Amino acid sequence: MNVRPFSAVRPTVAAAPRVAAVPYDVVDTVEAKALAAGNPASFLHVSRPEIDMPDGTDCSSPEAYAQAKKALDALRASGTLVQDPEPRFYAYRQVMGDHAQTGIVATFDTQDYLAGILKQHEKTRRDKEDDRTRHIEILKAHTGPAFLTYKDDAAIDAIVAEACAADPRDDFTAPDGIRHTVWVVPAARNAELQELFGRIPVAYIADGHHRSAAASRYAKENGFAGETRWFMAVAFPASQLKILPYNRLVADLNGLSAEDLLRKAREVFTVTEAADGAPAAGRHARMFLAGKWYDLAWEVPAGTDVVSSLDVSVLQDRFLAPVLGIGDPRTSPRISFMGGVRGLDELSGRVASGRDAVAFSMFPVTVGEMMDIADAGAIMPPKSTWFEPKLRSGLFVHVVD
């Protein structure tokens with residue numbers, strides 16, 4: 001696997017807490033506008049430029065990309081963002097509650113992505129690829145890092161630990177309570193880190209499939225020239241990652257009454273009433289229906305392939321499709337998804353308010369399952385994994401011109 005240090009464009013120490021922003025794809029326009037209100041340094045002005053444009057502006061329009069470039073240029077011109085003078089690796093730690101993860105920030109080879117060395121577990125949508133490719137083209141920069149993982153390596157861990165023993169360059173706690181700390185890895189370690197990562201046969205895209213695909217498209221369109229060949233990502237050891245459940249909500253009961261739906265659930269699963277919405281293990285899900293939680297349990301026949309064995313696959317294949325009529329969860333307007341970070345009260349609250357008719361709380365997929373599926377060249381069902389904490393945008397920008 002090829003990696004390189006890079007001369008990152010980064011916020012000043014004083015500006016970092018104000019610049020750092022949630023990823024563009026976890027908030028809508030209204031939420032982004034509220035988060036950036038009163039803060040001209042927020043990177044949301046770059047990643048969600050429509051917040052500074054008339055209501056109803058298409059965020060994938062040429063005008064929106066031009067506004068994003070204007071915002072990025074303004075942050076650099078004001079000295080809020082400054083480019084490092086020489087290529088470096090960075091260590092980036094996030095702490096959420098009692099969970100901590102520390103990764104290496106670097107640029108990765110788009111040719112490794114195209115060769116399958118950087119493995120995928122999700123399909124990408126052409127319209128989203130188009131959007132991110134156009135964003136790179138107009139801004140001449142990768143503005144949000146992809147999120148990669150690799151099987152733990154003790155030698156890399158030792159270099160990261162050494163770097164993190166020094167005083168950090170950035171250290172702040174965001175309004176959502178997540179702490180972000182950045183160290184600059186000594187330049188003397190550049191060659192060694194490149195060599196060590198070069199021994200790692202594969203890495204896995206945990207989050208950022210569209211960013212990775214778009215970067216590779218842009219690189220190919222530009223003949224892999226110079227910095228266009230490389231894209232920015234943070235790579236974490238697999239043992240440090242935390243996957244939360246990705247829960248399901250269905251807007252209606254497909255013409256059934258609550259009693260009918262519960263009866264049909266009992267035909268497919270072992271159903272018992274539950275005190276709460278948290279499945280205790282895999283091969284269980286919880287269903288919130290008519291004010292009550294129910295545990296749904298099942299068995300998977302021996303020899304079932306790894307994708308079909310996933311809890312989200314079983315729920316989809318045995319119940320959501322045949323009973324609730326959700327044929328394709330990628331396109332059906334009747335199903336929506338909620339990351340586990342939002343909590344079970346918000347999930348059940350959507351049903352209690354009447355906004356949705358039934359909710360399903362899932363047990364999280366494991367990192368091992370994700371890797372097994374990627375190694376098999378298979379694809380996970382949509383909305384299978386929710387990685388948390390999310391990488392902040394704006395702490396690192398990779399310029400490609």
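No hydrogens, no waters, no symmetry mates; every other heavy atom, side chains included, goes into these values. This structure is a prediction, so every number in the text was calculated from the model and none was measured.
Residue pairs meeting the salt bridge (Lys or Arg N to Asp or Glu O under 4.0 Å) criterion with at least one member in residues 85-111, sequence neighbours excluded, are Glu86-Arg88, Asp109-Arg229. Counting only residues at least two apart or on different chains, the side-chain hydrogen bond (donor to acceptor under 3.5 Å, both in side chains) pairs with a member in residues 29-44 are Thr29-Arg48, Thr29-Glu50, Lys33-Asp55. Sorted by first and then second residue, the salt bridge (Lys or Arg N to Asp or Glu O under 4.0 Å) pairs with a member in residues 241-259 read Asp252-Arg334; sequence neighbours excluded. A ring-ring contact (aromatic ring centres under 6.0 Å, His included) check over residues 248-297, counting only residues at least two apart or in different chains, returns the pairs Phe269-Trp298, Phe269-Phe319, Phe288-Trp293. A ring-ring contact (aromatic ring centres under 6.0 Å, His included) check over residues 144-166, counting only residues at least two apart or in different chains, returns the pairs Phe147-Phe236, Phe147-Phe387, Tyr150-Phe197. Applying the salt bridge (Lys or Arg N to Asp or Glu O under 4.0 Å) test to pairs two or more places apart or on separate chains, those with a residue in residues 390-401 are Asp176-Arg392, Asp207-Lys390. Listed by first and then second residue, the ring-ring contact (aromatic ring centres under 6.0 Å, His included) pairs that reach into residues 1-20 are Phe6-Tyr90, Phe6-His398, sequence neighbours excluded. For the salt bridge (Lys or Arg N to Asp or Glu O under 4.0 Å) condition, the pairs that include at least one residue of residues 67-76, sequence neighbours left out, are Lys69-Asp73. Contacts classified as side-chain hydrogen bond (donor to acceptor under 3.5 Å, both in side chains) and involving residues 268-281 (residues at least two apart or in different chains) are given here: Asp276-Arg286.
The side chain to side chain donor-acceptor pair (under 3.5 Å) test applied to Glu346 returns Arg342, not counting sequence neighbours. Residues meeting the side chain to side chain donor-acceptor pair (under 3.5 Å) test with Asp52, sequence neighbours left out: His45. Checked against ring-ring contact (aromatic ring centres under 6.0 Å, His included), Tyr246 has the following partners two or more places apart in sequence or in another chain: Trp386.
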Discussion item. Walk me through whether Phe172 and Arg18 qualify under side chain to side chain contact (heavy atoms under 4.5 Å, CB included).
Written reply: CA-CA 10 Å; Phe172 63 92; Arg18 293 181 290 113; over 6 Å; no
Fill in: Evaluation steps, side chain to side chain donor-acceptor pair (under 3.5 Å), between His180 and Tyr92
CA-CA 7 Å; His180 302 268; Tyr92 176 21; 2.9 Å; yes
Worksheet entry | Test side chain to side chain donor-acceptor pair (under 3.5 Å) applied to Asp84 and Ser7, step by step | CA-CA 5 Å; Asp84 282 349; Ser7 298; over 6 Å; no
Worksheet item: Between Leu193 and Ile104, does a side chain to side chain contact (heavy atoms under 4.5 Å, CB included) hold up when you go through it step by step?
Response: CA-CA 10 Å; Leu193 270 176; Ile104 286 288; 4.3 Å; yes
Worksheet item: Can you check side chain to side chain contact (heavy atoms under 4.5 Å, CB included) on Thr110 and Trp230, steps first, answer last?
Response: CA-CA 6 Å; Thr110 58; Trp230 304 87; over 6 Å; no
Worksheet item: Does the side chain to side chain contact (heavy atoms under 4.5 Å, CB included) test come out yes or no for Asp131 and Tyr65, once each step is laid out?
Response: CA-CA 9 Å; Asp131 168 56; Tyr65 300 125; 2.7 Å; yes
Item to complete: In sequence, state the C-alpha distance, the side-chain angles, and the governing distance for Asp375 and Lys119, and then conclude on salt bridge (Lys or Arg N to Asp or Glu O under 4.0 Å).
Response: CA-CA 7 Å; Asp375 286 340; Lys119 296 193 173 189; 3.0 Å; yes
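Between Met287 and Val271 there is no side-chain heavy-atom pair separated by less than 4.5 Å. Put simply, the side chain of Val82 reaches to within 4.5 Å of the side chain of Thr12, judged on heavy atoms. Between His135 and Thr143 there is a side-chain heavy-atom pair separated by less than 4.5 Å. A heavy-atom distance below 4.5 Å is found between the side chains of Ser61 and Thr57. Between Leu244 and Pro364, the closest side-chain pair of non-hydrogen atoms is not below 4.5 Å. Two residues are said to be in side-chain contact when any heavy atoms from C-beta on lie closer than 4.5 Å; Leu118 and Phe231 meet this criterion. Using a 4.5 Å heavy-atom threshold, the side chains of Cys59 and Met53 count as separate. Residues Thr133 and Glu221 are in side-chain contact: their nearest non-hydrogen atoms beyond the backbone lie under 4.5 Å apart.
Between Asp311 and Arg283, the shortest heavy-atom distance links the atoms OD1-N, 3.0 Å. The shortest non-hydrogen separation linking Ala258 to Ala290 is CB-CB, 4.2 Å. Pro381 approaches Val312 most closely through the heavy-atom pair CG-CG2, 3.9 Å. Summarising the geometry of Pro11 relative to Arg169, their closest heavy-atom pair is O-NH1, 2.6 Å, with the distance given to 0.1 Å. Ala213 approaches Thr124 most closely through the heavy-atom pair CB-CG2, 4.3 Å. Leu395 and Arg10 get closest at one heavy-atom pair: O-CG, 3.3 Å.
Using a distance-only test at 3.5 Å, with no hydrogens or angles considered, a donor-acceptor pair links the side chain of Ser216 to the main chain of Ser212. Proximity of a side-chain donor or acceptor of Ser78 to a complementary backbone N or O of Ala74 within less than 3.5 Å is detected. The closest donor-acceptor contact from the side chain of Asp305 to the backbone of Val307 lies under 3.5 Å. Formation of a donor-acceptor pair under 3.5 Å by the Asp171 side chain with backbone atoms of Val182 is not found in this model.
We find that Arg263 and Glu267 are joined by a salt bridge, their nearest charged nitrogen and carboxylate oxygen being less than 4.0 Å apart. Residues Arg125 and Asp130 are not paired through a salt bridge, judged by the lack of any N-O separation under 4.0 Å between the basic side chain and the carboxylate.
Around CZ of Arg179, the count of heavy atoms belonging to other residues, nucleotides or ligands within 6.0 Å does not exceed 12. Atom NZ of Lys151 is surrounded by 12 or fewer heavy atoms from other residues, nucleotides or ligands within 6.0 Å. Taking a 6.0 Å sphere around CG of Asp345, one finds it holds 12 or fewer heavy atoms contributed by other residues, nucleotides or ligands.
Here the CD atom belonging to Gln240 is positioned 8.5 Å from the OG1 atom belonging to Thr149, to the nearest 0.5 angstrom. Taken from CG in Leu391 to CE in Met232, the straight-line distance is 9.5 Å, to the nearest 0.5 Å. A distance of 7.0 Å separates CG of Asn2 from CD1 of Ile117, quoted to the nearest 0.5 Å. To the nearest 0.5 Å, atom CE of residue Met1 and atom CD of residue Gln194 are 11.5 Å apart. Rounding to the nearest 0.5 Å gives a distance of 7.5 Å between CD of Gln316 and CD1 of Ile326. Here Leu344 contributes atom CG and Met338 contributes atom CE; the two are 10.0 Å apart, rounded to the nearest 0.5 Å.
Cation-pi geometry between Arg132 and Tyr24 is met: under 6.0 angstrom from the ring centre, within 45 degrees of the axis.
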